[in-house]
Amino acid sequence: MSNRRFLIAGNWKMNGLRADAKSLGEGVAQKIPPSVQSQVDVLVCPPFVVLETVERALQQSNIMLGAQTCHTAEKGAHTGDISAAMLKDAGCSHVIVGHSERRTDHGETDGDIQAQAIAAHDQDLIAIVCVGETEAERDAGRAFEVVREQILGSVPLKANGANTVIAYEPVWAIGTGKVATPEDVQAMHSDIRNTLADKLGQDEADKIRILYGGSMKPENAPDLLALEDVDGGLIGGAALKAEDFCKIAESCPSVS
Ligand code: PGA
């Protein structure tokens with residue numbers, strides 16, 4: 001086991017009205033025991049409009065708050081967008097950037113995502129940079145090449161273990177119930193670490209946490225989290241059930 005601290009992050013996506021967000025936030029805060037919260041970093045990333053509701057629900061816990069994207073500019077004429085400064089002000093410590101749903105739904109490029117990560121760093125937010133190949137790319141034998149290109153293009157040069165987390169999420173595994181095999185996950189995570197080393201140096205690459213995402217559930221989490229280069233999970237569907245999310249956090253090898 002490395003000395004990187006595990007991070008279990010819930011990506012709530014576009015789910016939950018205020019009452020749901022309140023009960024899910026409270027549920028997560030109550031179900032994850034303080035002993036687990038002290039041995040694992042736990043984060044939830046709700047939709048923008050319920051950040052305040054969830055912040056209140058988490059007040060008595062160590063669970064951190066994050067958002068699902070941010071704009072590259074600090075402020076200005078960008079109707080409908082939210083800046084990293086606003087997220088910081090709303091109590092966030094983290095922001096996800098470059099999720100495949102943003103890349104697809106909003107045409108975000110590696111360059112956009114790198115600029116978002118830099119905007120997050122400028123506000124002392126931790127950027128969770130998402131990468132991952134599609135099924136067609138994997139079938140064509142291009143998974144490593146695609147992910148390498150995404151890492152080189154979307155991770156800022158000033159990324160380090162304190163300000164950046166990578167989430168490897170094979171697009172074909174997101175919300176589908178299909179999970180990459182532990183062998184494939186370890187091979188990709190190790191390749192990502194090598195690419196980070198080429199870009200940032202081995203010292204930083206060894207400190208940056210690499211999360212797996214894509215249909216992570218209580219049943220498959222123990223095997224995935226036990227892999228050498230897996231430092232946590234980015235969890236969608238299972239993060240909407242406090243009990244499942246808690247079980248995943250409890251299955252981190254660092255929990256005694
Ligand atoms: P999933 O989503 O756990 O529902 O597959 C993961 C994600 O998209 O972050």
Side-chain angles (χ1 to χ4, degrees), residues 7-15 45 47 68-70 72 95-117 127-156 159 164-200 205 208-217 219-221 223-240 244 248:
L7 170 62
I8 296 298
N11 174 11
W12 293 7
K13 308 193 179 183
M14 196 172 71
N15 292 295
C45 301
Q68 300 171 17
T69 186
C70 66
T72 55
V95 58
I96 299 168
V97 296
H99 190 281
S100 65
E101 287 149 17
R102 303 279 322 164
R103 291 177 185 259
T104 307
D105 295 356
H106 298 272
E108 291 181 359
T109 64
D110 287 336
D112 297 330
I113 292 152
Q114 186 182 55
Q116 291 167 3
I128 302 178
V129 180
C130 301
V131 295
E133 81 287 357
T134 63
E135 188 151 40
E137 288 162 344
R138 176 157 286 266
D139 289 347
R142 296 185 54 234
F144 288 94
E145 178 195 331
V146 166
V147 170
R148 253 175 237 149
E149 195 180 315
Q150 290 174 337
I151 292 284
L152 293 174
S154 52
V155 174
T164 301
V165 173
I166 307 296
Y168 168 58
E169 301 203 303
V171 177
W172 48 271
I174 295 176
T176 58
K178 289 191 215 168
V179 196
T181 64
E183 293 71 28
D184 284 344
V185 173
Q186 173 54 30
M188 184 59 86
H189 280 228
S190 151
D191 198 68
I192 290 172
R193 206 173 296 289
N194 289 338
T195 309
L196 290 171
D198 290 344
K199 183 166 174 144
L200 310 169
I208 293 180
R209 290 175 291 181
I210 307 175
L211 315 183
Y212 170 78
S215 298
M216 192 184 263
K217 305 268 181 294
E219 302 76 54
N220 57 34
D223 286 346
L224 292 163
L225 294 169
L227 298 168
E228 188 185 339
D229 284 294
V230 174
D231 307 308
L234 181 57
I235 297 123
L240 299 176
D244 285 1
I248 295 174

Run the numbers on Arg148 and Asp198 for salt bridge (Lys or Arg N to Asp or Glu O under 4.0 Å), then give the verdict. CA-CA 11 Å; Arg148 253 175 237 149; Asp198 290 344; over 6 Å; no

What's the verdict on side chain to side chain contact (heavy atoms under 4.5 Å, CB included) for Asn11 and Ile128, showing C-alpha distance, side-chain angles and the deciding distance? CA-CA 11 Å; Asn11 174 11; Ile128 302 178; over 6 Å; no

Does the side chain of Val179 reach to within under 4.5 Å of the side chain of Glu219, using non-hydrogen atoms? no

State whether the side chain of Arg142 and the backbone N or O of Ala136 hold a donor-acceptor pair below 3.5 Å, judged by distance alone. no

Contact between Val171 and Arg103 at the side-chain level, heavy atoms closer than 4.5 Å - yes or no? no

Say whether, by atom type as modelled, one donor and one acceptor occur between the side chain of Asn220 and the main chain of Lys217 under 3.5 angstrom. yes

Which residue in the set Asp229, Leu224, Ile210, Asp223 passes side chain to side chain contact (heavy atoms under 4.5 Å, CB included) when paired with Val185? Leu224

Is any side-chain heavy atom of Lys178 closer than 4.5 Å to a side-chain heavy atom of Glu135? yes

Would you check if the side chain of Gln68 reaches a backbone N or O of Cys45 as a donor-acceptor pair within less than 3.5 Å? yes

Do any N or O atoms from the side chain of Lys199 and from the backbone of Val155 form a donor-acceptor pair under 3.5 angstrom? yes

Pair Asp231, Leu7 - check side chain to side chain contact (heavy atoms under 4.5 Å, CB included), show working. CA-CA 6 Å; Asp231 307 308; Leu7 170 62; over 6 Å; no

Passing option when Ser154 is tested against Asp112, Thr109, Val129, Val97 for side chain to side chain contact (heavy atoms under 4.5 Å, CB included): Val129

Phe144 side chain reached by Glu133 side chain, heavy atoms, under 4.5 Å: no

Flag side-chain contact, heavy atom, 4.5 Å: Val146 against Gln150: yes

Glu108: side chain to side chain donor-acceptor pair (under 3.5 Å) partners, not counting sequence neighbours: Arg102, Gln116

Would you call the rings of His189 and Tyr168 parallel, tilted or perpendicular, where under 30° means parallel and over 60° means perpendicular? perpendicular

